[in-house]
S.K.: 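I have a structure here, written as structure tokens, and I will follow up with some questions on it.
We count ligands from 1, going down the list as the structure has it; atoms in each ligand are counted the same way. All values below come from the heavy atoms of this structure, side chains included, with hydrogens, waters and symmetry mates left out.
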Amino acid sequence: MSMPVFESALTRMPRLGFGTWPMQGAACQAAVESAIGLGYRHIDTAEMYGNEAAVGAALNASGVARGDLYLTTKVWWDKPDGTSFRRAFEACLKRLNQPYVDLLLVHWPSPGLRLESVLQAQAALREQGLARAVGVANFPLGLLRRAVAAEIVPIACLQVEHHVYLDQQRLLDYVTPRDIVLTSYTPVAKGEVMADKVIQGIAAKHGATPVQVALAYLLAKPGVAAIPKAQSPARQQENLGAVKLRLDAADLAALAALRKDHRMVAPGFAPDWAA
Ligand SMILES: NC(=O)c1ccc[n+]([C@@H]2O[C@H](COP(=O)([O-])OP(=O)(O)OC[C@H]3O[C@@H](n4cnc5c(N)ncnc54)[C@H](OP(=O)(O)O)[C@@H]3O)[C@@H](O)[C@H]2O)c1
């Protein structure tokens, strides 16, 4: 299997990664070890997931050189300024038991976010080599524009919910020409795609599965990465198979015609997405 890679001046991200929320402890470590054994090289975690120690232990036990793995973590939104952000990230690195992460994201914009202060902390961590690249998650377009326009640190990645039922075209139109990778979370719509007749039809045509079709739809967009979570090795392997699936124009048109307003992650602290 040859893994497609997103490559910019700022980062080099395997485009099919592995999500780890809400796995915990030994089960999480086993799942990540299995994923790496099957060929995943991009692992997504966060301070809030409570599994960084397990994820780091899996990386260290994998036998794969650290330089061949891509690790993302995120600092939770209750750290709205640079000082608390840096302190939290230093604790992430300790739990991960890693010398650095490949990507450090602001997990959600806090209502009290001091954007410039957090960006300055990210810039300093990047200069120190503790975070090879930085970015943001769950930022609406207006806030992302502000982060980029501040020119404090180059934004390598925007991580947001994106799948066949939520297209994020406004964000894609902004990030794609700027070489900012859009990492899709909840990329298989938490498995909802399995029951979709249109997706089932496309899958049958290719001898694939609906989940593979959902992932191939995202991977067909060159500036997009996806981080599906799957506990079992069988599902992890199935999802990797999406890399080989080539959807044709008719498939992509049918998928484009599906509803695109189905947001599945909408916590009370979420920003105004239209902002
Ligand atoms: N930045 C953020 O705010 C944010 C928010 C949400 C998620 N994320 C990240 O994105 C990752 C993925 O998102 P997600 O976990 O919400 O959603 P997801 O990856 O779309 O869906 C995960 C669910 O789909 C199931 N599934 C996966 N592959 C399958 C397959 N081949 N066949 C059948 N079912 C399958 C999983 O089953 P099993 O239960 O068997 O594993 C799990 O129940 C998270 O793990 C996390 O790392 C980030």
S.K.: So which of N138, T209, N239 gets nearest to atom 3 (O) of ligand 1, if we judge by its closest heavy atom?
M.R.: N138

S.K.: Which atoms of ligand 1 have any heavy atom of M194 under 4.0 Å away?
M.R.: 32 (N), 33 (C), 34 (N)

S.K.: Going by heavy-atom distance to atom 8 (N) of ligand 1, choose the closest among W21, Y49, F18, W108.
M.R.: Y49

S.K.: Does S232 have a non-hydrogen atom less than 4.0 Å from ligand 1?
M.R.: no

S.K.: Report the nearest protein non-hydrogen atom to atom 1 (N) of ligand 1: residue, atom name, distance rounded to 0.1 Å.
M.R.: Q159 OE1, 2.9 Å

S.K.: Check each atom of ligand 1 against the heavy atoms of H107 and keep those under 4.0 Å away; list them by number with element.
M.R.: 1 (N), 2 (C), 3 (O)

S.K.: N97 vs E52, test: side-chain hydrogen bond (donor to acceptor under 3.5 Å, both in side chains). Steps then yes/no.
M.R.: CA-CA 9 Å; N97 192 17; E52 287 174 309; over 6 Å; no

S.K.: Once you round to the nearest 0.5 Å, how far does CG of L182 lie from CG of L158?
M.R.: 5.0 Å

S.K.: Can you pull out the closest protein heavy atom to atom 11 (C) of ligand 1? Residue, atom name and distance to 0.1 Å, please.
M.R.: I227 O, 3.2 Å

S.K.: May I ask you to check whether T72 and D102 show a side-chain donor-acceptor distance below 3.5 Å?
M.R.: no

S.K.: Using the rule ring pair (Phe, Tyr, Trp, His ring centres under 6.0 Å), only one of F85, F89, F269 pairs with W76; which is it?
M.R.: F269

S.K.: Provide the number and element of each atom of ligand 1 under 4.0 Å from a heavy atom of V211.
M.R.: 30 (C), 31 (N), 32 (N)

S.K.: Only heavy atoms of Q231, strictly under 4.0 Å: list the atoms of ligand 1 that pass.
M.R.: 38 (P), 41 (O)

S.K.: If you have a sec, work out which protein heavy atom is nearest atom 27 (C) of ligand 1 and how many Å separate them, to one decimal?
M.R.: K229 O, 3.1 Å

S.K.: Under 4.0 Å from a heavy atom of G191: give me the atoms of ligand 1 that qualify, with their elements.
M.R.: 24 (O)

S.K.: If we count only N and O atoms by modelled type, under 3.5 Å, do the side chains of Q29 and E33 hold a donor and an acceptor together?
M.R.: yes

S.K.: Measuring from atom OG1 of T186 to atom NE2 of H262, what distance do you get when rounded to the nearest 0.5 angstrom?
M.R.: 10.0 Å

S.K.: What do the steps show when you test D44 against Y185 for side-chain hydrogen bond (donor to acceptor under 3.5 Å, both in side chains), and what is the final call?
M.R.: CA-CA 10 Å; D44 182 85; Y185 75 67; over 6 Å; no

S.K.: For atom 43 (O) of ligand 1, decide whether some protein heavy-atom distance is shorter than 4.0 Å.
M.R.: no

S.K.: With K221, which residues qualify under side-chain contact (heavy atoms from CB on, under 4.5 Å), at least two apart?
M.R.: H162, L172, Y217, V224

S.K.: Which ligand 1 atoms are under 4.0 Å away from a heavy-atom of T20?
M.R.: 45 (O), 47 (O)

S.K.: Looking at ligand 1, does H163 have a heavy atom less than 4.0 Å from it?
M.R.: no

S.K.: Distance to 0.1 Å, residue and atom name: give those for the protein heavy atom nearest to atom 24 (O) of ligand 1.
M.R.: K190 C, 3.6 Å

S.K.: Is the Lys NZ or Arg CZ of R132 less than 6.0 Å from the centre of Y100's six-membered ring, within 45° of the axis?
M.R.: yes

S.K.: Of R235, E161, E192, which has the heavy atom at the shortest distance from atom 33 (C) of ligand 1?
M.R.: R235

S.K.: With a 4.5 Å limit on heavy-atom distance, are the side chains of Q169 and K260 in contact?
M.R.: no

S.K.: Any atoms of ligand 1 less than 4.0 Å from a non-hydrogen atom of A189? List them with their elements.
M.R.: 20 (O)

S.K.: I need the nearest protein heavy-atom contact for atom 47 (O) of ligand 1: residue, atom name and distance, please.
M.R.: D44 OD2, 2.7 Å

S.K.: Run the numbers for me: atoms of ligand 1, each under 4.0 Å from some heavy atom of P228, listed by number.
M.R.: 19 (O)

S.K.: Check for a donor-acceptor pair, side chain of S110 on one end and backbone N or O of D78 on the other, with a separation under 3.5 Å.
M.R.: no

